[in-house]
Amino acid sequence: MLIKGYDVGPLVSGESLLLHSGFWSNYLLAICSDGGCAERPVPEWFGEDGADVDALSEVLFDPEHWPVFRMPAEDGPGAVVIYRNLDGDYGTDYLLTHPGRSCAEQIASWDGDFSGTGLTWHELIRIADSPFLADEGVQDAATRFLLLLPLLTDPDVPETASARLIAALTAVGAPQGTASLAAEHLLAHLTRRSRHDPAWTSPLSGSWEVDQNR
């Protein structure tokens with residue numbers, strides 16, 4: 001697989017892994033890894049167990065195969081998530097694709113902590129809810145939303161954010177009884193991270209954001 005603008009690593013399509021038990025624990029629990037939770041985050045929040053998480057981590061973090069999750073958008077920027085499985089330098093890279101540009105732009109990384117620029121709530125929702133059905137990649141809005149969630153660097157999410165996150169979690173298999181708990185913890189960590197970063201800017205600020213608000 002080739003992603004123009006990202007010229008390292010043996011990239012492979014990762015979309016099929018989204019259906020495997022253990023994926024969302026691997027992907028989202030890291031957000032809660034800063035020790036700020038009063039209770040320990042567990043895979044059961046997502047309807048998964050530790051054995052499934054461990055088994056899938058062997059696939060997700062394989063140095064010979066770097067899973068790629070593509071989210072093409074019909075009108076405006078899309079996104080790409082890449083597991084960067086360099087030996088000794090594991091992490092997750094986040095890219096944006098722009099209409100009219102041949103190369104993707106890396107905007108952020110996760111290496112045990114978030115670095116780079118992120119998305120506002122409205123930008124995240126815009127990409128999640130605008131799949132381009134003619135291109136290969138993740139088309140389901142709930143799945144796209146959750147894949148984009150680590151990019152949220154907006155300190156002021158709307159009151160509907162929790163309900164949207166709970167609905168997305170239950171759509172991918174989280175039990176109703178724990179989805180609200182998972183959503184509460186994830187949003188608390190994401191918004192707290194945003195408030196601690198006074199230099200926060202959005203890579204989509206400017207003309208695109210002006211156009212979407214007309």
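As a basis for the values below, the full set of heavy atoms in this structure was taken, side chains included, without hydrogen atoms, waters or symmetry mates. Keep in mind the model is a prediction, meaning the values are calculated, not measured.
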Honestly curious: do [X] and [Y] fall in one hydrophobic cluster under the side-chain, below-4.5 Å linking rule?
{"X": "Tyr83", "Y": "Val53", "answer": "no"}
{"X": "Val68", "Y": "Leu147", "answer": "no"}
{"X": "Ile127", "Y": "Tyr6", "answer": "no"}
{"X": "Ile166", "Y": "Leu148", "answer": "no"}
{"X": "Tyr94", "Y": "Val12", "answer": "no"}

Would you check, one step at a time, whether the test side chain to side chain contact (heavy atoms under 4.5 Å, CB included) holds for Glu44 with Asp49? CA-CA 6 Å; Glu44 284 73 16; Asp49 62 39; 4.2 Å; yes
Can you measure from [atom1] ([X]) to [atom2] ([Y]) and round to the nearest 0.5 angstrom?
{"X": "Trp121", "Y": "Asp154", "atom1": "CH2", "atom2": "CG", "result": "9.5 Å"}
{"X": "Thr92", "Y": "Asp111", "atom1": "OG1", "atom2": "CG", "result": "8.0 Å"}
{"X": "Asp135", "Y": "Glu74", "atom1": "CG", "atom2": "CD", "result": "10.5 Å"}
{"X": "Arg70", "Y": "Leu11", "atom1": "CZ", "atom2": "CG", "result": "10.0 Å"}
{"X": "Leu152", "Y": "Leu190", "atom1": "CG", "atom2": "CG", "result": "5.5 Å"}
{"X": "Leu119", "Y": "Leu96", "atom1": "CG", "atom2": "CG", "result": "6.0 Å"}

Can you check side chain to side chain contact (heavy atoms under 4.5 Å, CB included) on Asn26 and Phe61, steps first, answer last? CA-CA 10 Å; Asn26 269 295; Phe61 298 103; 3.9 Å; yes
Specify the closest pair of heavy atoms between [X] and [Y], including all atoms of both residues, with the distance to one decimal.
{"X": "Thr191", "Y": "Ala188", "answer": "OG1-O, 3.5 Å"}
{"X": "Pro175", "Y": "Phe46", "answer": "CD-C, 3.8 Å"}
{"X": "Leu124", "Y": "Leu149", "answer": "CD1-CA, 4.0 Å"}
{"X": "Gly137", "Y": "Glu15", "answer": "CA-OE2, 3.7 Å"}
{"X": "Thr97", "Y": "Ala104", "answer": "CG2-CB, 4.0 Å"}
{"X": "Leu169", "Y": "Ala183", "answer": "CD1-N, 3.9 Å"}

Taking side chain to side chain contact (heavy atoms under 4.5 Å, CB included) as the test, write out the residues that go with Val172, two or more places apart. Trp24, Thr143, Leu146
Okay, side chain of [X], backbone of [Y]: is any donor-acceptor separation there less than 3.5 Å?
{"X": "Thr120", "Y": "Glu123", "value": "yes"}
{"X": "Arg144", "Y": "Gln139", "value": "no"}
{"X": "Asp87", "Y": "Pro63", "value": "no"}
{"X": "Glu48", "Y": "Ser25", "value": "yes"}

Are side-chain N/O atoms of Ser21 and Asp52 paired as donor and acceptor at under 3.5 Å? yes
Is it true that Ser109 and Asp93 share a donor-acceptor pair across their side chains at a distance under 3.5 Å? yes
Start with the C-alpha distance between Thr170 and Gln176, add both sets of side-chain angles, then the distance that settles side-chain hydrogen bond (donor to acceptor under 3.5 Å, both in side chains), and finish with yes or no. CA-CA 6 Å; Thr170 55; Gln176 188 69 43; 4.6 Å; no
Below 4.5 Å, heavy atoms only, C-beta onward: do [X] and [Y] meet side chain to side chain?
{"X": "Thr153", "Y": "Thr117", "value": "no"}
{"X": "Val138", "Y": "Pro72", "value": "no"}
{"X": "Ile107", "Y": "Leu151", "value": "yes"}

Looking only at the aromatic ring of each residue, does the gap between the centers of Phe69 and Tyr27 stay below 6.0 angstrom? no
Just do the side chain to side chain contact (heavy atoms under 4.5 Å, CB included) check on Met1 and Ser13 with the steps written out, would you? CA-CA 7 Å; Met1 175 181 290; Ser13 173; 3.6 Å; yes
Can you check side chain to side chain contact (heavy atoms under 4.5 Å, CB included) on His185 and Trp45, steps first, answer last? CA-CA 10 Å; His185 281 262; Trp45 287 0; 3.5 Å; yes
Measure from NZ or CZ of Arg84 to the centre of the six-membered ring of Tyr90, then state whether that distance is under 6.0 Å and the direction lies within 45° of the axis. no
Quick check on His65: does its NE2 atom have over 12 non-hydrogen neighbours (other residues, nucleotides or ligands) under 6.0 Å away? no
